[in-house]
Amino acid sequence: MSAIIEARGITKRFGGVVAVDAVDLAVEKGQILGLIGPNGSGKSTMVNLVTGEMMADEGSLSFNGADIARMALHRRARAGMARSFQMLRLFQSLSVEENLVLANHMRMKTSVVDSFFGRADSRAEDARARVKARELLAWFDLQEFADRPVTAMSIGQQRMVEIARGLMSEPTLLVLDEPAAGLSPPNVDKLIALIRRLRDEFGISILLVEHVMRVVRDLCDRVVVLDSGKKIAEGAPDVVVKDPVVVEAYIGSGWKRRAQA
Ligand SMILES: Nc1ncnc2c1ncn2[C@@H]1O[C@H](COP(=O)(O)OP(=O)(O)OP(=O)(O)O)[C@@H](O)[C@H]1O
Ligand SMILES: [Mg+2]
């Protein structure tokens, strides 16, 4: 098996806080790696280091075997990474379809050049993006919302749109930061089925940060656990969640809010 993402000794400091502390982590091709840990343990920071929102202070990072430690965010996106955010980042006043089309244009970064050298090309690109957006929305069973503003949707539906937006670039690696947060149990079921199909039907590798343990247990091939920036456990989901070191880390953090999930 080969890794699509491999981090070695990756470290990120914010002033005196070591948010991610010499962590080794690998997402194998076609697999779902779960990243869990108490609040503030460094999960979102790790995600930001992988996608290029932030640069690591130390350590190595490779994507499909190539060194990407210093590679800029948009180049990583073009190389095949997409993500969703813990806090939704959709344009609320735009329609659902426009949100998807805009994501496509931001990725292409060709709009200025295209409109200068050949408007027809950019119009064709726009038409292609709209078709792709509609197809994706149909795949998510959200086609009825295409022309409606994002605000017409529930939070659960907006989370699906965030994922759909990431898929516009046809990524090989999808990074999801707490996709189940705030979802009702039936919507959690839908999300689980959907993420599984992304892996099984499209072969997309997934790095999944999630607090909802049912999602972690149902989906993840392997799990890495962080606590205060350090990796404290790694292995199969069923084994890891019972590991006394992991249980202790959650209890020690005053874990209450999401423990029942
Ligand atoms: N941009 C930043 N500037 C300063 N400190 C930060 C920044 N981002 C994160 N931190 C700190 O780094 C640590 C790890 O935060 P991070 O957001 O990665 O945790 P998390 O595991 O995603 O938590 P949660 O479960 O609450 O989402 C925390 O102590 C946090 O306060
Ligand atoms: Mg987080």
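Here the structure is a predicted model, which means the values were calculated and not measured. When a ligand or atom number is given, it counts from 1 through the structure's own listing order.
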Check: Does any non-hydrogen side-chain atom of Val47 lie less than 4.5 Å from one of Glu53?
Finding: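 SC-SC contact between Glu53 and Val47 ruled out.
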Item checked: Side chain to side chain, Ile36 and Val223, heavy atoms closer than 4.5 Å ->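 Counting from C-beta outward, Ile36 and Val223 do come under 4.5 Å.
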Notebook entry, point to check: Is a side-chain donor or acceptor of Arg83 paired with a backbone partner of Ile163 at a separation under 3.5 angstrom?
Noted result: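 No.
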Notebook entry, point to check: Is any side-chain N of the basic residue among Lys242 and Asp238 closer than 4.0 Å to the acidic one's carboxylate O?
Noted result: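 Looking at Asp238 together with Lys242, the answer is no, because their closest N to O distance does not fall below 4.0 Å.
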Next item on the list: Indicate yes or no: does Glu58 engage Arg13 in a salt bridge with an N to O separation below 4.0 Å.
Entry: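 Looking at Arg13 together with Glu58, the answer is yes, because their closest N to O distance falls below 4.0 Å.
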Note to self: Checking the N or O distance criterion of under 3.5 Å, is ligand 1 in contact with Ala19?
What the structure shows: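 In fact, backbone or side chain, Ala19 has no N or O that close.
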Note to self: For the 3.5 Å polar cut-off, considering only N or O atoms, please tell me whether Val17 and ligand 1 meet it.
What the structure shows: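 No, Val17 has no N/O under 3.5 Å of an N/O on ligand 1.
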Note to self: If you take the nearest heavy atom of each of Val47, Val20, Thr45, which one is closest to atom 15 (O) of ligand 1?
What the structure shows: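 Answer by nearest heavy atom: Thr45.
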Margin query: If you take the nearest heavy atom of each of Lys43, Glu178, Arg13, which one is closest to atom 20 (P) of ligand 1?
Written below: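 Among Lys43, Glu178, Arg13, the closest heavy atom to atom 20 (P) of ligand 1 comes from Lys43.
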Next item on the list: Heavy-atom contacts with His211 under 4.0 Å: which atoms of ligand 1 show up? List them by number with element.
Entry: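 Under 4.0 Å from His211, ligand 1 has these atoms: 25 (O).
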Check: Checking only N/O/S atoms, does Thr45 have one that is under 2.8 Å from the Mg ion (ligand 2)?
Finding: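 No - counting backbone and side chain alike, Thr45 has no N, O or S atom under 2.8 Å.
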Check: Non-hydrogen atoms of Ser41 versus ligand 1: any pair closer than 4.0 Å?
Finding: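 For ligand 1, residue contact (heavy atoms, under 4.0 Å) with Ser41 is present.
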Check: Between Asp177 and Ser44, is any side-chain donor less than 3.5 angstrom from a side-chain acceptor?
Finding: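 Per modelled atom types, Asp177 and Ser44 side chains form a pair under 3.5 Å.
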